[in-house]
Every structure is written in C-alpha cells, then in structure tokens.
Amino acid sequence: MPETHRTRLLILGAGPAGYTAAIYAARAGLKPLVVAGLQPGGQLTITTDVENYPGFAEPIQGPWLMEQFRAQAAHVGAGIMQDVVTEIDLSARPIRAKGDSGDTYLAESLVIATGAQARWLGVPGEKELSGFGVSACATCDGFFFRGKQVAVIGGGNSAVEEALYLSNLAAHVTVIHRREAFRAERILQERLFAKPNIRILWNRVVEEMLATEGKFRALRALRTQDVQTGAIEDLPFDGAFVAIGHDPATALFRGQIGMDADGYILTEPGSTRTSIPGVFAAGDVQDRIYRQAVTAAGTGCMAALEAEKYLAHLPATAPAIEAWT
C-alpha cells in the first residue's frame with residue numbers, strides 16, 4: 001500500500017553529498033529523509049581503492065566508505081528510503097515528490113544531490129575493466145599509474161586537462177581523438193603540445209579494451225581503428241582514461257529550476273542555493289569542475305546548514321509538515 005512521508009528536509013541522492021547533508025541535518029534536529037535513488041552510494045560504489053579521501057592512511061574500498069557514510073547518517077537520525085523519485089513538483093508547497101514505489105514525499109525544503117555520471121564509450125571490455133586499468137577520473141586514479149604508459153580518450157577540455165594532469169605522473173601519455181583537431185580551449189592545447197611526454201593520435205577511435213590473461217584480469221591494450229583508412233592497431237597501455245564528459249542526473253528537474261546548457265543545476269556563488277527558495281543543490285549535480293568525493297561532501301554540509309537557516313526563517317503561516325517517524 002503506497003504511503004505518504006512528510007519531512008522538513010528531503011534529500012535526493014545517497015552519495016557523499018547526500019549523506020553528508022543528512023548527517024548535518026539530522027544533528028540539527030531536522031529529521032531529514034534521504035531517498036537513495038538508482039545508485040545508493042554514488043560513483044564510489046564502483047571505485048576500488050580510494051587513497052585521496054582524508055582520514056585514512058591506507059587505501060580503502062569505495063563501497064566500504066559509502067557504507068560508513070550511510071551508517072553514520074542512520075546513526076544520527078536520518079531516515080533512508082530505498083526508492084527512486086520519478087516525479088517532483090518544485091512549485092508546490094510543500095514540495096511534492098512521487099517515488100517509483102508509489103509512495104509520496106512531502107517536504108518543506110529539498111537538497112538535490114543526484115550526482116553525475118561519466119560518459120563511457122560503450123565498447124567491449126570497458127565495463128569489465130573499469131577499476132582494473134580503466135577509469136573516468138585521472139584525479140582519482142592517476143596516482144596508481146606513476147611511471148606507466150597511459151591513454152586518454154577524448155578531445156575536449158576534460159580530455160586535455162586529464163592528459164596534462166597525468167603527464168606529471170605517468171611516464172608517457174597518449175591522447176586518442178576521433179577527429180583531427182581538439183575542441184578544447186586554445187590555451188589548454190598549447191600546454192598539451194608543449195609536454196614532451198604526451199603524443200596525440202588523431203582520427204582514431206577505440207574499438208575494444210583488451211585484458212590480460214589469467215584469473216586477475218586487467219587492461220593490457222586498446223584496439224584502435226583509423227577512421228580514415230580503417231586500419232586496426234592494438235596499442236599496449238597500463239591504464240586508459242575515458243574523458244568524453246559527464247551527464248548530471250537532472251532530467252527530473254528540467255524546466256523547473258535554473259540549469260546551465262549542459263544540465264548542471266546553477267547555484268549562487270559560494271552557496272548551494274538554487275533559483276528556487278528552499279531548494280539546494282550539492283555535489284556533482286552542480287559541480288562541473290572538481291567532481292571529487294571530498295568536495296561533494298563539503299557542499300552537502302553547506303546545503304544542510306543553509307536548509308537549516310531557511311527552515312528557521314519560514315513564516316509562521318507556512319504549512320506545518322510532520323517529521324517522518
């Protein structure tokens with residue numbers, strides 16, 4: 001039987017941003033309700049070794065870290081629902097959301113922390129080797145390829161920035177681009193061309209990612225095709241970074257809230273406030289630059305503190321909403 005859940009603060013998304021917002025909001029006595037969404041734990045649930053999250057001297061597993069986030073949020077009093085919001089009306093007060101379960105969620109304020117997903121090539125071997133030599137984040141995983149041979153696939157700002165970052169760690173970086181010119185900003189291209197340990201393969205596409213033999217399989221080579229001649233060539237690499245952009249998970253809010261041309265939710269400078277009073281955005285859904293777990297957690301904290309302040313100043317005539325029980 002579908003139920004109606006009422007809360008002062010509804011949080012959509014259960015990654016570092018959503019769980020951090022829940023922790024701070026629960027400690028402030030707001031009794032927040034988190035709707036976990038399609039991928040509880042966010043992108044860290046498909047990440048193996050995490051070495052750049054503060055507080056851990058040794059590498060930790062991404063899924064374990066997110067389980068700790070979840071446990072802490074629950075421990076301090078946040079409610080967590082395993083549901084996916086399929087409809088939402090941001091113009092209504094209270095804000096009204098409908099879940100795939102049939103349940104309805106009513107809230108005085110909202111934190112959108114639905115995250116963003118890296119775009120993948122969709123070629124054979126890519127999914128199986130993700131985390132085993134294949135990555136979509138040089139800042140996250142570049143450290144593991146110090147002194148090794150790596151490839152970056154793409155031709156926009158993201159690809160050039162990833163290649164520049166990796167050039168300071170890897171022995172050699174090969175940028176594979178399907179066209180004969182980059183779309184990246186000119187200044188980034190100039191920096192790239194000036195790097196002695198970076199080469200560019202123009203007019204190439206990756207057709208397949210090839211694994212090593214044996215029980216523990218990892219990337220060994222990329223099968224590439226020249227788009228002009230059709231020639232196939234297998235190129236050996238220790239690591240491959242797919243850098244063809246990210247897609248923020250904001251389709252649910254399109255037409256209801258301020259976004260940029262790529263669908264990232266716009267927030268006020270130095271804030272998580274959106275174009276709608278009482279609606280806040282945190283994490284990768286509004287961050288197209290850093291996209292790190294630690295920055296997502298930071299904006300989750302900001303969103304909770306700003307939501308607390310917003311709720312404290314609601315007019316006395318505002319509709320009363322019972323906290324979830």
Side-chain angles (χ1 to χ4, degrees), residues 2-37 40 42 69-115 249-250 252-253 256-258 265 267-268 271-283 285-286 296-325:
E3 298 181 23
T4 298
H5 308 274
R6 296 174 171 83
T7 180
R8 300 208 71 195
L9 177 62
L10 180 65
I11 300 169
L12 301 185
Y19 279 141
T20 302
I23 291 165
Y24 274 80
R27 284 174 53 80
L30 299 181
K31 290 191 174 181
L33 184 60
V34 178
V35 179
F69 268 80
R70 184 189 187 284
Q72 185 176 2
H75 175 74
V76 294
I80 302 170
M81 301 292 295
Q82 301 303 318
D83 198 359
V84 178
V85 169
T86 56
E87 300 175 27
I88 193 164
D89 185 356
L90 300 182
S91 66
R93 287 297 179 271
I95 294 167
R96 180 179 296 269
K98 181 87 176 282
D100 185 61
S101 64
D103 288 3
T104 298
Y105 302 89
L106 303 177
E108 290 182 59
S109 58
L110 172 70
V111 171
I112 301 172
T114 46
T250 56
L252 185 66
F253 315 102
Q256 300 192 69
I257 197 168
I265 295 177
T267 52
E268 295 178 19
S271 169
T272 62
R273 292 189 295 272
T274 69
S275 59
I276 302 176
V279 178
F280 308 89
V285 79
Q286 55 87 50
T299 54
C301 165
M302 292 167 60
L305 295 176
E306 290 183 307
E308 180 187 7
K309 185 178 294 186
Y310 169 81
L311 291 168
H313 291 88
L314 277 184
T317 55
I321 298 289
E322 298 177 8
W324 72 275
T325 55

Asks: Could you check if a side-chain atom of Glu306 sits within less than 4.5 angstrom of a side-chain atom of Arg273, using non-hydrogen atoms only?
Replies: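 Result yes, sub-4.5 Å side-chain heavy-atom pair found.
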
Asks: Find the distance between CG (Leu110) and CD1 (Ile276) and round it off to the nearest 0.5 Å.
Replies: 8.5 Å

Asks: Does the side chain of Val35 come within less than 4.5 Å of Val84's, by heavy atoms?
Replies: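 In short, these two side chains do not touch, never coming nearer than 4.5 Å.
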
Asks: Is there side-chain contact between Leu12 and Ile88, with at least one heavy-atom pair below 4.5 Å?
Replies: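 The answer is yes, as the side chains (C-beta and beyond) meet within the 4.5 Å cut-off.
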
Asks: Parallel under 30°, tilted from 30 to 60°, perpendicular over 60°: which one fits the rings of Tyr310 and Phe280?
Replies: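 Taking Phe280 first and then Tyr310, their aromatic rings stand perpendicular (interplane angle over 60°).
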
Asks: Report the distance from atom OG1 of Thr114 to atom CD of Gln286, rounding to the nearest 0.5 Å.
Replies: 10.5 Å

Asks: How many angstroms lie between atom OG of Ser91 and atom CD of Gln256, to the nearest 0.5 angstrom?
Replies: 6.5 Å

Asks: What is the distance from atom CD of Gln72 to atom CZ of Arg27, rounded to the nearest 0.5 Å?
Replies: 8.5 Å

Asks: At their closest point, which heavy atom of Ser275 faces which heavy atom of Ile257, and how far apart are they?
Replies: OG-CG1, 3.6 Å

Asks: Do Leu106 and Ile95 have side chains that approach each other closer than 4.5 Å (heavy atoms only, starting at C-beta)?
Replies: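 No. Closest side-chain heavy atoms not under 4.5 Å.
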
Asks: Between Ala25 and Ala304, which heavy-atom pair has the shortest distance, and what is it?
Replies: N-CB, 3.8 Å

Asks: Which heavy atom in Cys301 sits nearest to a heavy atom in Thr20, and how many Å separate them?
Replies: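 Scanning both residues, the minimum pair turns out to be N-CG2, 3.7 Å.
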
Asks: Give the C-alpha distance, both sets of side-chain angles, the deciding distance and a yes or no for side-chain contact (heavy atoms from CB on, under 4.5 Å) between Leu33 and Ile11.
Replies: CA-CA 6 Å; Leu33 184 60; Ile11 300 169; over 6 Å; no

Asks: What is the minimum heavy-atom distance between Ile80 and Arg70, and which atoms define it?
Replies: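 What the structure gives for the nearest pair is CD1-CG, 3.7 Å.
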
Asks: Any side-chain heavy-atom pair from Val111 and Leu9 closer than 4.5 angstrom?
Replies: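 Yes, close enough: below the 4.5 Å cut-off.
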
Asks: For Gly102 and Pro2, work out which heavy atoms get closest and say how close.
Replies: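 Closest pair (atom of Gly102, atom of Pro2, distance): O-CB, 3.4 Å.
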
Asks: Less than 4.5 Å apart, any side-chain heavy atom of Glu87 and any of Asp89?
Replies: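 No - every pair of side-chain heavy atoms lies 4.5 Å or more apart.
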
Asks: Kindly compute the distance separating CD1 (Ile112) from OG1 (Thr267), expressed to the nearest 0.5 Å.
Replies: 11.0 Å

Asks: If you apply the rule side-chain contact (heavy atoms from CB on, under 4.5 Å), what do you find for Val85 with Lys98, and how did you get there?
Replies: CA-CA 6 Å; Val85 169; Lys98 181 87 176 282; over 6 Å; no

Asks: Is any side-chain heavy atom of Lys309 less than 4.5 Å from a side-chain heavy atom of Leu311?
Replies: no

Asks: Let me confirm one number: the CD-CG distance from Glu3 to Asp83, rounded to the nearest 0.5 Å.
Replies: 10.5 Å

Asks: With a 4.5 Å heavy-atom cut-off, do Tyr105 and Met81 have their side chains touching?
Replies: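 Answer yes - side chains close enough.
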
